[in-house]
Chemist: 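Pasting a structure below so you can have a look.
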Amino acid sequence: MANRSYIYLKNGNEARILTEGAYIVPYFWQLFWDKKDLRTPILLWKKFEILLPIEKFHKNALKNRSFLEKNVPQTLQLYDDFVRYILANVKDGDMLGFDILEVAYMDGLFTASRKLLKNNQAIQENQPQKLDFSLTATNLIALAMGFPDYYASDLLPKDNILDSVAYQDELKKMQRKEDRQVQDQEEQNYLLEEERVQLQEEEQVQEDDQVQDQEEEQVQEDNQVQVYADEQTQVQEKQQVQVQENHQMLDETRVDAKENKRGNGVIYLLLLVLVIRLIFYMSAKK
């Protein structure tokens with residue numbers, strides 16, 4: 001809920017709200033009082049309410065109009081209509097009241113008081129650069145006058161601010177600004193959605209690439225395993241062939257050895273026969 005400020009007509013315990021501010025003290029209001037009006041609520045601290053006699057309000061409003069005329073003349077029509085709206089609802093015994101406690105608490109009462117006093121001095125000395133607010137802001141209803149929507153319809157129809165041409169013009173400006181903001185927001189949402197979709201697509205592409213890379217790595221790994229298995233199979237086959245060849249050579253060697261052994265036996269017998277015959281021949285010769 002926003003911190004509110006209120007400007008109202010007070011008569012005894014009765015208070016008739018004219019407009020309200022949200023988070024600020026609208027700057028038209030600050031043209032209605034002087035330093036003396038600010039010092040009393042500052043000293044009270046617990047209550048930040050300013051009460052002005054209607055005559056004093058009207059005097060200050062006319063006096064400080066020149067400040068707007070010199071610096072922001074485009075605001076004069078709404079300012080004049082706002083002053084007439086206040087005066088049109090005045091009854092005997094009324095005072096003009098300002099309740100700015102909620103807004104003052106945002107900065108702290110002491111800081112808020114110093115800002116209001118500084119603004120008042122800047123207005124009196126016509127030094128807009130020293131103000132705590134900007135005169136170049138375009139939303140005059142929110143920043144300068146306050147919102148009358150919930151209250152003005154219950155007040156007198158004469159000079160009612162709701163019927164003010166200047167007020168209606170400001171409302172149209174606000175509506176156009178809101179429409180632009182809505183359009184800008186829609187465009188921003190569209191761009192964000194496009195960005196989100198694009199990001200999602202990029203993430204999907206990255207994910208697909210990662211899956212493809214993993215698949216390729218798996219295929220490569222499978223190929224390497226298969227190559228290794230084939231190499232191992234070839235090594236085993238070569239080893240088996242080599243073993244078979246070794247067995248065959250061993251068998252052949254054994255056969256050759258047997259044949260050689262058999263051949264050697266024959267030669268031995270022949271030699272033995274020759275030796276016997278030689279012995280026999282020698283014996284016969286003697």
Side-chain angles (χ1 to χ4, degrees), residues 1-4 22-24 102-103 105-108 111 132-134 136-139 142-143 147 171-286:
M1 185 176 179
N3 294 73
R4 305 291 183 181
Y23 300 111
I24 63 169
E102 290 183 15
V103 174
Y105 268 134
M106 292 171 60
D107 291 327
T111 301
D132 182 60
F133 54 85
S134 173
T136 60
T138 57
N139 190 347
L143 301 178
F147 298 97
L171 276 182
K172 292 176 183 178
K173 290 178 185 178
M174 287 178 62
Q175 185 60 48
R176 286 195 295 270
K177 184 176 180 180
E178 289 176 358
D179 291 342
R180 285 197 300 271
Q181 289 175 342
V182 170
Q183 184 178 359
D184 291 343
Q185 185 63 44
E186 290 177 350
E187 291 177 355
Q188 184 178 4
N189 291 340
Y190 176 76
L191 293 175
L192 289 174
E193 179 63 19
E194 275 196 334
E195 184 178 353
R196 186 190 67 79
V197 172
Q198 183 178 358
L199 182 61
Q200 191 174 19
E201 290 176 350
E202 290 176 355
E203 290 177 349
Q204 185 62 46
V205 169
Q206 291 178 355
E207 184 177 346
D208 292 342
D209 290 342
Q210 289 177 353
V211 171
Q212 185 176 356
D213 292 341
Q214 290 175 354
E215 291 177 348
E216 291 176 355
E217 290 177 358
Q218 186 63 44
V219 170
Q220 185 177 2
E221 184 178 347
D222 292 342
N223 290 337
Q224 290 176 348
V225 170
Q226 185 62 43
V227 169
Y228 178 77
D230 293 342
E231 290 177 350
Q232 290 296 110
T233 300
Q234 291 177 0
V235 169
Q236 291 176 358
E237 290 176 350
K238 287 180 179 179
Q239 289 176 346
Q240 290 176 355
V241 170
Q242 186 65 40
V243 169
Q244 290 175 355
E245 290 178 351
N246 291 340
H247 287 168
Q248 185 177 357
M249 290 179 63
L250 182 60
D251 292 340
E252 291 177 353
T253 302
R254 289 174 179 173
V255 170
D256 291 342
K258 289 179 180 180
E259 290 179 353
N260 290 337
K261 186 175 180 181
R262 189 166 44 246
N264 290 337
V266 172
I267 292 172
Y268 176 77
L269 290 174
L270 289 174
L271 289 175
L272 181 60
V273 170
L274 289 175
V275 170
I276 293 172
R277 290 183 66 182
L278 181 60
I279 294 172
F280 179 78
Y281 174 78
M282 292 299 295
S283 297
K285 190 174 180 181
K286 290 179 178 182

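For clarity, every value in this text was computed on a predicted model and none was experimentally measured. All residue numbers refer to positions in the sequence shown, counting from 1.
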Chemist: Taking side chain to side chain donor-acceptor pair (under 3.5 Å) as the definition, give me every residue that meets it alongside Q240, ordered by chain and number, with sequence neighbours left out.
Modeler: none
Chemist: Going from CE on M106 to CD1 on I24, what distance comes out if it is rounded to the nearest 0.5 angstrom?
Modeler: 9.5 Å
Chemist: The criterion is side chain to side chain contact (heavy atoms under 4.5 Å, CB included); which residues satisfy it with E207, sequence neighbours excluded?
Modeler: Q204
Chemist: Donor-acceptor pair, distance only, cut-off 3.5 Å: does the side chain of N3 make one with the backbone of Y23?
Modeler: no
Chemist: Identify, with sequence neighbours excluded, every residue that meets side chain to side chain contact (heavy atoms under 4.5 Å, CB included) alongside I276.
Modeler: L272
Chemist: Applying side chain to side chain donor-acceptor pair (under 3.5 Å), can you list everything that pairs with Q236, at least two apart in sequence or on another chain?
Modeler: none
Chemist: Between L143 and A137, what is the shortest heavy-atom contact and its length?
Modeler: CD1-CB, 3.0 Å
Chemist: To the nearest 0.5 angstrom, please state how far the CD atom of E231 sits from the CD atom of Q224.
Modeler: 10.5 Å
Chemist: Working to the nearest 0.5 angstrom, can you tell me the gap between E221 CD and Q214 CD?
Modeler: 12.0 Å
Chemist: Among all residues two or more places apart in sequence or in another chain, which pass the side chain to side chain donor-acceptor pair (under 3.5 Å) test with T233?
Modeler: none
Chemist: Can you tell me how far CE of M174 sits from CG of N139, rounded to the nearest 0.5 angstrom?
Modeler: 4.5 Å
Chemist: Which residues pass the salt bridge (Lys or Arg N to Asp or Glu O under 4.0 Å) test with D107, not counting sequence neighbours?
Modeler: K115
Chemist: Compare every heavy atom of E102 with every heavy atom of R4, then report the nearest pair and how far apart it is.
Modeler: N-OE1, 2.7 Å
